[in-house]
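Structure record follows, encoded as structure tokens.
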Amino acid sequence: MELSENKRVADMNYFELIAWLGIGSSHPGGFPATKQNLVIMQISPDDYVLDAGCGSGLTACYLAKTIGCKVMGIDISSQMIEKARIRAEKEGVSHLVEFNIANVYELPFADNKFDIVIGESITVFLDKVKVYREFFRVLKPEGRIADLEMALLKELPVNLRHQMEDCFGAGTNPLSFEEWHNCLAEAGFQDVEIKNPQALRDNGNIVMNELKKDWVLIKDLTNKIKRQPTLLPRLQKNAGFMKRNRSYFGFGLIYGRKPTPVKLGFKDWVRKVIFRKNPAVLSSVKALIN
């Protein structure tokens, strides 16, 4: 995703805006929520982590610095990937972290590659089961998914849903915690839980708060505000919607495990491999197998 410096903030969709700003922690709860969830995940130095929708690489580099694990960060935005690579270089973790452009619907990785897949407020904008099935594919057996996402605590009125989509894009679709749970289970994950569920608190403008705390971004924020005077009103519009309607929203870690494939016994193998194409044969020789 390339953005012209001449494109007006008012014409950018939410993804374009976040990419242009280079924000890596615009999700509910901000980076404090990220750190809370990383404790829950209990990632080890031997784990290979996929950070899906890595943004400017804040979480990936933090993992590499604090745990020493290998991390693959992917994002659909080339601007984000460029910022993430700069961050990794300056923080001295380029030997542990790699960043590449990729689409979560079609991950360019072999099956059973990663120990953990983490996501932070990307699936809410996407086809959830489709994304989760792709995460399932690239995880090793017993690998884990940990996806920090916004959830609906109660039904959102139609007029507020339209306002939400106006602020964040037409594909924005937070689910109830039960629905999030069901999406992960439908994709094949087991031991599905919602960890650390909580209501959305009034933390002011999360995007601006995260911009001010991130050294990679703060240096050019002032210049962007000067070049795009509608930037602050746009951010305030999004923040204002969440502040007025925060009673509808919460967030939590959508967590699950990819099971180890069950080894088939001889009888089961025969039924699956030989007779599934000809059920009539199965009925005629079933007595012999048993």
Side-chain angles (χ1 to χ4, degrees), residues 1-4 12-27 31 34 37-38 41 43-128 130-140 143-149 169 171 187 210 214-217 220 254 258:
M1 181 193 305
E2 301 294 343
L3 292 179
S4 167
M12 297 180 189
N13 63 37
Y14 186 68
F15 275 126
E16 289 175 327
L17 179 64
I18 295 301
W20 181 64
L21 292 171
I23 300 170
S25 293
S26 61
H27 52 266
F31 198 59
T34 295
N37 289 331
L38 292 178
M41 293 177 213
I43 298 171
S44 77
D46 295 328
D47 286 330
Y48 190 17
V49 180
L50 174 64
D51 183 1
C54 64
S56 64
L58 187 61
T59 298
C61 291
Y62 179 83
L63 272 172
K65 287 180 69 174
T66 58
I67 297 175
C69 59
K70 288 181 62 180
V71 185
M72 169 65 72
I74 62 161
D75 202 282
I76 199 170
S77 166
S78 60
Q79 293 177 309
M80 288 292 204
I81 293 301
E82 181 181 358
K83 289 180 171 65
R85 288 171 177 166
I86 292 171
R87 184 191 299 278
E89 183 70 27
K90 292 195 174 183
E91 295 193 12
V93 293
S94 294
H95 61 297
L96 292 173
V97 184
E98 183 178 350
F99 295 105
N100 288 301
I101 301 168
N103 188 325
V104 292
Y105 287 138
E106 298 178 348
L107 295 172
F109 308 116
D111 297 355
N112 309 317
K113 187 175 184 66
F114 298 97
D115 298 288
I116 299 174
V117 173
I118 62 175
E120 295 181 298
S121 197
I122 61 164
T123 318
V124 69
F125 302 104
L126 304 172
D127 181 326
K128 293 152 184 59
K130 185 176 180 181
V131 172
Y132 285 154
R133 283 176 176 161
E134 187 66 349
F135 290 165
F136 185 96
R137 181 185 68 79
V138 300
L139 275 169
K140 298 175 183 177
R144 294 166 288 149
I145 180 173
D147 188 17
L148 172 61
E149 294 293 345
E210 295 304 317
D214 191 338
W215 63 264
V216 170
L217 311 177
D220 66 348
I254 321 302
K258 179 178 179 176

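Note: hydrogens, waters and symmetry copies are ignored here, and every other heavy atom, side chains too, is used.
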Between OG1 on residue Thr59 and CD1 on residue Ile118, distance to nearest 0.5 Å: 5.5 Å
Under 3.5 Å donor-acceptor, Lys70 side chain and Tyr48 backbone: no
Distance-only side-chain donor-acceptor flag, Asn37 / Thr34, under 3.5 Å: no
Which atom of Met80 lies closest to which atom of Ser56, heavy atoms considered: SD-N, 3.7 Å
From Phe125 atom CZ to Glu149 atom CD, the distance as rounded to the nearest 0.5 Å: 8.0 Å
Backbone N/O of Val49 and side chain of Asp47: donor-acceptor pair under 3.5 Å: no
Short side-chain to backbone donor-acceptor contact, Lys128 and Leu126, under 3.5 Å: yes
Those residues that, when tested against Arg137, pass salt bridge (Lys or Arg N to Asp or Glu O under 4.0 Å) (two or more places apart): Asp111, Glu134
Test side-chain contact (heavy atoms from CB on, under 4.5 Å) applied to Ile254 and Ile145, step by step: CA-CA 8 Å; Ile254 321 302; Ile145 180 173; over 6 Å; no
Worked verdict on Asp51 versus Phe99 for side-chain contact (heavy atoms from CB on, under 4.5 Å): CA-CA 9 Å; Asp51 183 1; Phe99 295 105; 5.7 Å; no
With sequence neighbours excluded, residues passing salt bridge (Lys or Arg N to Asp or Glu O under 4.0 Å) with Lys140: Asp115
Verdict with supporting geometry, Phe109 and Met72, side-chain contact (heavy atoms from CB on, under 4.5 Å): CA-CA 11 Å; Phe109 308 116; Met72 169 65 72; 3.6 Å; yes
Which atom of Leu139 lies closest to which atom of Lys258, heavy atoms considered: O-NZ, 2.7 Å
From CD1 (Ile81) to CD (Glu98), nearest 0.5 Å: 10.0 Å
Check: Leu148 main-chain N/O paired with Glu120 side-chain donor or acceptor under 3.5 Å: no
Contact summary for Cys69 and Leu96, nearest pair of heavy atoms: O-CB, 3.8 Å
Closest approach of Cys54 to Gly73 (non-hydrogen atoms, all atoms of both residues): SG-C, 3.7 Å
Distance, nearest 0.5 Å, that separates CD1 of Ile116 from OG of Ser44: 7.0 Å
Listed partners of Asp147 passing side chain to side chain donor-acceptor pair (under 3.5 Å), at least two apart: Thr123, Tyr132
Residue pair Ala60 / Val71: nearest heavy atoms and the distance that separates them: CB-CG1, 3.7 Å
Minimum heavy-atom distance between Ala84 and Gly55, given as atom pair plus value: CB-O, 3.9 Å
Inter-residue atom distance Phe31.CZ - Leu38.CG, 0.5 Å rounding: 7.0 Å
Nearest-0.5 Å distance that lies between atom NZ in Lys113 and atom CG in Leu50: 10.0 Å
Derivation of the side-chain contact (heavy atoms from CB on, under 4.5 Å) call for Phe136 and Val117: CA-CA 9 Å; Phe136 185 96; Val117 173; over 6 Å; no
